[in-house]
Amino acid sequence: VQLQASGGGLVQAGGSLRVSCAVSGFTSDYYTIGWFRQAPGKEREGVACIQNSGSVTYYADSVQGRFTVSRDNAKNTVYLQMNSLKPEDTAVYYCAADRRPKRYSNYDDPSLYHYWGKGTQVTVSS
């Protein structure tokens with residue numbers, strides 16, 4: 001079971017970026033996928049989550065209305081579209097997977113995700 005995040009980069013404030021999470025070793029539609037980020041000196045923060053059904057999504061207040069999580073089960077890939085980026089969005093972004101569905105109250109708990117991929121750096125310049 002492997003997850004690989006990609007698509008990070010450097011973007012100016014107000015710009016957009018899409019990061020991808022390619023999953024292998026299992027069928028992504030059986031898993032809930034979460035996106036997390038970690039900035040230097042800060043704890044890992046849950047950003048978004050998409051349930052295995054693909055119809056239920058959760059977002060952190062800090063990204064609500066700016067970020068959109070989606071999945072393409074045919075490609076076994078989950079995406080995080082990030083618009084109106086701010087310098088405070090700068091972080092390493094990780095995707096994680098778990099077979100158990102999540103609720104709004106716990107989707108952002110890193111300890112509830114079993115599989116993790118390596119992160120991708122997103123840097124937003126002011």
Side-chain angles (χ1 to χ4, degrees):
V1 175
Q2 289 188 324
L3 298 93
Q4 180 62 58
S6 63
L10 174 64
V11 63
Q12 287 189 332
S16 298
L17 205 61
R18 188 179 77 165
V19 291
S20 302
C21 177
V23 302
S24 60
F26 62 89
T27 305
S28 67
D29 57 343
Y30 287 115
Y31 287 78
T32 292
I33 303 292
W35 281 100
F36 292 79
R37 65 186 182 187
Q38 189 164 20
K42 294 189 176 181
E43 292 185 355
R44 192 163 294 191
E45 173 191 17
V47 173
C49 168
I50 185 165
Q51 301 283 28
N52 52 5
S53 67
S55 62
V56 179
T57 56
Y58 301 123
Y59 298 94
D61 289 344
S62 58
V63 307
Q64 180 73 48
R66 301 189 297 122
F67 290 13
T68 303
V69 60
S70 62
R71 65 197 306 158
D72 185 337
N73 290 333
K75 296 183 178 179
N76 250 15
T77 302
V78 175
Y79 304 99
L80 184 67
Q81 176 68 44
M82 303 182 290
N83 299 328
S84 301
L85 283 162
K86 305 174 180 179
E88 52 263 43
D89 294 319
T90 295
V92 177
Y93 283 71
Y94 301 88
C95 56
D98 194 76
R99 293 185 67 93
R100 298 161 294 182
K102 302 291 179 279
R103 299 185 296 272
Y104 183 72
S105 60
N106 66 9
Y107 80 92
D108 57 350
D109 184 348
S111 69
L112 298 181
Y113 290 81
H114 191 71
Y115 302 101
W116 287 83
K118 293 182 180 179
T120 184
Q121 176 70 47
V122 172
T123 302
V124 184
S125 63
S126 56

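Since the structure is predicted, the reported quantities are computational estimates derived from the model, not experimental observations.
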ask   = Looking at the rings of F67 and W35, which for Trp means the six-membered one, are their centres under 6.0 Å apart?
value = no
Using the rule that Ile, Leu, Val, Met, Phe, Trp and Tyr join whenever any side-chain heavy atoms are under 4.5 Å apart, tell me whether [X] and [Y] fall into a single cluster.
X: Y31; Y: Y94; result: no
X: Y115; Y: L80; result: yes
X: L17; Y: Y79; result: no

State, yes or no, whether a side-chain contact exists between [X] and [Y] at a heavy-atom distance under 4.5 Å.
X: M82; Y: D89; result: no
X: L10; Y: Q121; result: no
X: T68; Y: Y59; result: yes
X: S62; Y: E45; result: yes
X: Y30; Y: N52; result: no

To the nearest 0.5 Å, what is the distance between [atom1] on [X] and [atom2] on [Y]?
X: T57; Y: I33; atom1: OG1; atom2: CD1; result: 14.0 Å
X: C49; Y: D109; atom1: SG; atom2: CG; result: 11.5 Å
X: Q4; Y: S20; atom1: CD; atom2: OG; result: 10.5 Å
X: T32; Y: R103; atom1: OG1; atom2: CZ; result: 11.5 Å
X: C21; Y: I50; atom1: SG; atom2: CD1; result: 11.5 Å

Under the 3.5 angstrom rule, does the side chain of [X] hit a backbone N or O of [Y] as a donor-acceptor pair?
X: Y113; Y: Y107; answer: yes
X: K75; Y: N73; answer: no
X: R100; Y: L112; answer: yes
X: Y58; Y: G34; answer: no
X: T77; Y: A22; answer: no
X: Q38; Y: K42; answer: yes

Set of side chain to side chain donor-acceptor pair (under 3.5 Å) partners for [X], sequence neighbours left out:
X: S16; answer: N83
X: D108; answer: none
X: S126; answer: none

message = V69 and side chain to side chain contact (heavy atoms under 4.5 Å, CB included): which single residue from V78, V63, V47 fits?
response = V78
What are the two closest non-hydrogen atoms of [X] and [Y], and how far apart are they?
X: A97; Y: L3; value: CB-CD2, 3.8 Å
X: A91; Y: R37; value: CB-CB, 3.8 Å
X: Q51; Y: R71; value: O-NH1, 2.7 Å

task = State whether F36 and R44 meet the cation-pi test: NZ (Lys) or CZ (Arg) under 6.0 Å from the six-membered ring centroid, and within 45° of the perpendicular axis.
result = no
ask   = Can you tell me if Q12 and S125 form a side-chain donor-acceptor pair at under 3.5 Å?
value =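 On atom types as modelled, these side chains do not qualify, holding no pair under 3.5 Å.
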inquiry  = Within the supplied structure, the quantity of interest is the number of heavy atoms (other residues, nucleotides, ligands) at a distance under 6.0 Å from Q2 CD; does it exceed 12?
reply    =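 Open: at most 12 neighbouring heavy atoms sit under 6.0 Å from CD of Q2.
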